[in-house]
Amino acid sequence: MLDQRLLRDNPERIVSQLGRRGMTLDLTGLQLVAQQARTLEEQRSSLQAEGNRIGKEVGSLIKGGAAPNGPEVQGLREQGNRIKQQVAVLEEEEKGLDAKLREQLLGLPNLPAAEVPDGRSEADNVEVKRWGSPRQAAAGETLEEHWQIAERLGLLETERSVRIAQSRFVTLLGQGARLERALINFMLDLHGGKGYREVLPPILVNSASLTGSGQLPKFAEESFRCADDDLWLTPTAEVPVTSLHRGEVIPADQLPLKYVAFTPCFRREAGSYGRDTRGLIRLHQFNKVELYWFVHPEQSAEAHRQITADAEAVLEALELPYRTIELCSADLGFSAARTYDLEVWLPGAGAYREISSCSTCSDFQARRSAIRLKEGKGTQLVHTLNGSGLAVGRTMAALLENGQQSDGSVRLPAALAPYFGAECLTAT
RNA sequence: GGAGAGGUGGCCGAGUGGUCGAAGGCGCAGCACUGGAAAUGCUGUAUAGGGGCAACUCUAUCGAGGGUUCGAAUCCCUCCCUCUCCGCCA
């Protein structure tokens, strides 16, 4: 959520910065609402002050011996009643305006950071780094896509998963299930060794949590909802981890708080029919290890570099070639002020595919979630950052495609051996 | 799910209709004392919003929302949560 004061004092900045995202907006209506709300607040609170004064006067009159039903006291009572009625009217109106204001503000995305390159679409994203040498098919060699390898090796079951749930769900079996588990443990251990505190949060989350991290109210159709409860299947661990500290004031000396959370993630993927229908790339349910920082605003730029490096370290440890992309202003997610995407090389598909997204959300989520820090006498909003470290299913896909060998087996990186218990995936 | 108890500031804890944003204690900060420290003493110490250059000031907040009242932490209603016991359960 954007600062109401910014709306009041510098709406042009909001218009121009959100313009960088490709939005055209007219804030005059909203500004008017904000102004009216403020005027009403002034009127209401001075009325209340008058009411409080009368209340005290009645108290001291009675204490001083005045007849509780005498004319003097009666007169004040009537005055008090009148004020009460006026206040009630103003409060009602004010509530309406505040709700409207909040609703509108909740629908506006974060402002892009100054450093974010301007752009009109994802085509304008900027590659900032490349690591590893992307594997190309040798002469006469045909590289398979991960779903082909997975099916051939019996790592997963798609047809039967439809029986269990519906399309875009997958059941991992045998070595596939074991590899998924190995990857989760590997990632958690790697990050845990770097000072991240491990979290295993609820994966059903309430509406307030989804609002706090930015998924609601605008993206309700993207998440699965439980019909009879105010609970949703979390689309990312970012949601529960943000709400881990919702409403809190954190002493500055405790920052940064760094968490690593493994959760299944659930997304409706509305509007992506037909895209990535095979394999592990786009599922309604997938596993993800998420990195999350709560930091002092002064540290957030450096923290963004670090969280990105921590995500990159997973790919490097797994010997997976990747590139790092800085998203342009038009491609930023709703809550993000600045984002680096990591794209892993998939030799079978012959393309780089997103496997991690590392964002700084500045104070956007902190304001929605009321997460502040206390430093000396004052408080201020913290900054929050999140990064996938990594999406587990896509990591498996990358391992399959990058490790495939001419005999049909898949060589796994050495770092995984202690977790998986073998260096190769072979047909069984 | 049933029965009972309870939710007050960073923490503990008093407060059952009036000047209570809230005693007292702990913690924390500053000052004094000290060679330095401990102990001690004094002072200060919630959050949000509004007004003001500022000093300061107004409003709201004692789990949440409503109600009664001139006035509510205190009375009434609804809901949420925690604890204890019982039941059920991986």
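Letters A, B, ... mirror the listed sequences (proteins, then strands); counts begin at 1. Note that the structure is a prediction, hence the values are computed from the model and not measured.
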Trainee: Write down the partner of B:U74 under the Watson-Crick or G-U wobble criteria, each distance required to be under 3.5 Å.
Mentor: none

Trainee: Could you tell me if the ring centre of A:F294 sits under 6.0 Å from that of A:H383?
Mentor: no

Trainee: With rounding to the closest Å, how many angstrom separate the C1' atoms on B:G50 and B:C12?
Mentor: 34 Å

Trainee: Less than 4.0 angstrom from a charged side-chain N to a carboxylate O is my criterion; do A:R21 and A:D331 meet it?
Mentor: no

Trainee: Name the residue closer to the 5' end of RNA chain B, choosing between A:S46 and A:I62 according to the nucleotide with the nearest heavy atom.
Mentor: A:I62

Trainee: Please say whether more than 12 non-hydrogen atoms of neighbouring residues, nucleotides or ligands are located less than 6.0 Å from CZ in A:R53.
Mentor: yes

Trainee: Is any side-chain N or O of A:R44 closer than 4.0 Å to OP1 or OP2 of B:C58?
Mentor: no

Trainee: For A:R246 and A:S209, which I'm curious about, is there any donor-acceptor pair between the side chains at under 3.5 Å?
Mentor: yes

Trainee: Taking the side chain as C-beta and beyond, is there a heavy-atom pair between A:K194 and A:D310 under 4.5 Å?
Mentor: yes

Trainee: Below 4.0 angstrom from OP1 or OP2 of B:G17, is there any side-chain N or O of A:K63?
Mentor: no

Trainee: Checking base pairs now: Watson-Crick or wobble, both atom distances under 3.5 Å. What partners B:C53?
Mentor: none

Trainee: May I ask you to say what A:E41 touches in the nucleic acid, namely base, sugar-phosphate or nothing, with a heavy-atom cut-off under 4.0 Å?
Mentor: base

Trainee: Considering only the P atoms, how many Å lie between B:C76 and B:G24, rounded to the nearest integer?
Mentor: 29 Å

Trainee: Say you pick atom P in B:C11 and the same atom in B:U68; how far apart are they, in whole Å?
Mentor: 33 Å

Trainee: Contact class for A:R5 (heavy atom, under 4.0 Å): base, sugar-phosphate, or nothing?
Mentor: sugar-phosphate

Trainee: If we call it a pair only when both distances are under 3.5 Å in a Watson-Crick or G-U wobble match, what pairs with B:U68?
Mentor: none

Trainee: How long is the line joining CG of A:L76 and P of B:U19, in whole Å?
Mentor: 17 Å

Trainee: Once you round it to whole Å, what is the distance between C1' of B:U69 and CD of A:Q79?
Mentor: 16 Å

Trainee: Is A:E122 atom CD crowded by more than 12 heavy atoms from other residues, nucleotides or ligands, each under 6.0 Å away?
Mentor: no

Trainee: Could you tell me how far B:U84 sits from B:G71 if I compare only their P atoms? Round to whole Å.
Mentor: 41 Å

Trainee: Suppose you measure atom C1' in B:U45 against the same atom in B:C26; what distance do you get, rounded to whole Å?
Mentor: 13 Å

Trainee: Check the phosphate of B:G50 against A:R8, side-chain N and O only, distance under 4.0 Å to OP1 or OP2. Yes or no?
Mentor: yes

Trainee: Step through it carefully: locate the ring centre of A:F219, locate the ring centre of A:F334, and say whether they are under 6.0 Å apart.
Mentor: yes

Trainee: Across all strands shown, which nucleotide pairs with B:G24 by Watson-Crick or G-U wobble geometry, both distances under 3.5 Å?
Mentor: B:C12

Trainee: Searching all strands shown, indicate the nucleotide that pairs with B:U47 (Watson-Crick or G-U wobble; both distances under 3.5 Å).
Mentor: B:A60

Trainee: Below 3.5 Å is the cut-off: list the nitrogen or oxygen pairs between protein and nucleotides 9-11 of chain B, distance only.
Mentor:
none

Trainee: Suppose we define a pair by two distances each less than 3.5 Å, Watson-Crick or G-U wobble; what does B:C42 pair with here?
Mentor: B:G30

Trainee: Go ahead and name the base partner of B:A90; Watson-Crick or wobble counts if both distances stay under 3.5 Å, otherwise write none.
Mentor: none

Trainee: Is there a side-chain polar atom (N or O) of A:N52 under 4.0 Å from OP1 or OP2 of B:A60?
Mentor: yes

Trainee: Does B:U84 pair with anything, Watson-Crick or G-U wobble, both distances under 3.5 Å, and if so, with which nucleotide?
Mentor: B:A3

Trainee: Could you list the residues that satisfy side-chain contact (heavy atoms from CB on, under 4.5 Å) with A:F286, not counting sequence neighbours?
Mentor: A:C265, A:R267, A:K288

Trainee: Under 4.0 Å between a side-chain N or O of A:K374 and OP1 or OP2 of B:U47?
Mentor: yes

Trainee: Under 4.0 Å between a side-chain N/O of A:R53 and OP1 or OP2 of B:C58, yes or no?
Mentor: no

Trainee: Within the 4.0 Å heavy-atom criterion, would you say A:I83 contacts the bases, only the backbone, or no part of the nucleic acid?
Mentor: nothing

Trainee: In whole Å, measure the gap between the C1' atoms of B:U69 and B:U57 for me.
Mentor: 28 Å

Trainee: If you pin A:V249 and A:E57 to their nearest nucleotides in RNA chain B, which one's is more 5'?
Mentor: A:E57

Trainee: For the side-chain hydrogen bond (donor to acceptor under 3.5 Å, both in side chains) test, which of A:E343, A:R353, A:E316 pairs with A:Y322?
Mentor: A:E316

Trainee: Looking at B:A48, I'd like to know if its phosphate oxygens (OP1 or OP2) sit under 4.0 Å from a side-chain N or O belonging to A:T379.
Mentor: yes

Trainee: With C1' as the reference atom in both, quote the distance from B:A73 to B:G18 in angstrom, rounded to an integer.
Mentor: 13 Å

Trainee: Quote, to the nearest angstrom, the P distance that separates B:A72 from B:C20.
Mentor: 15 Å

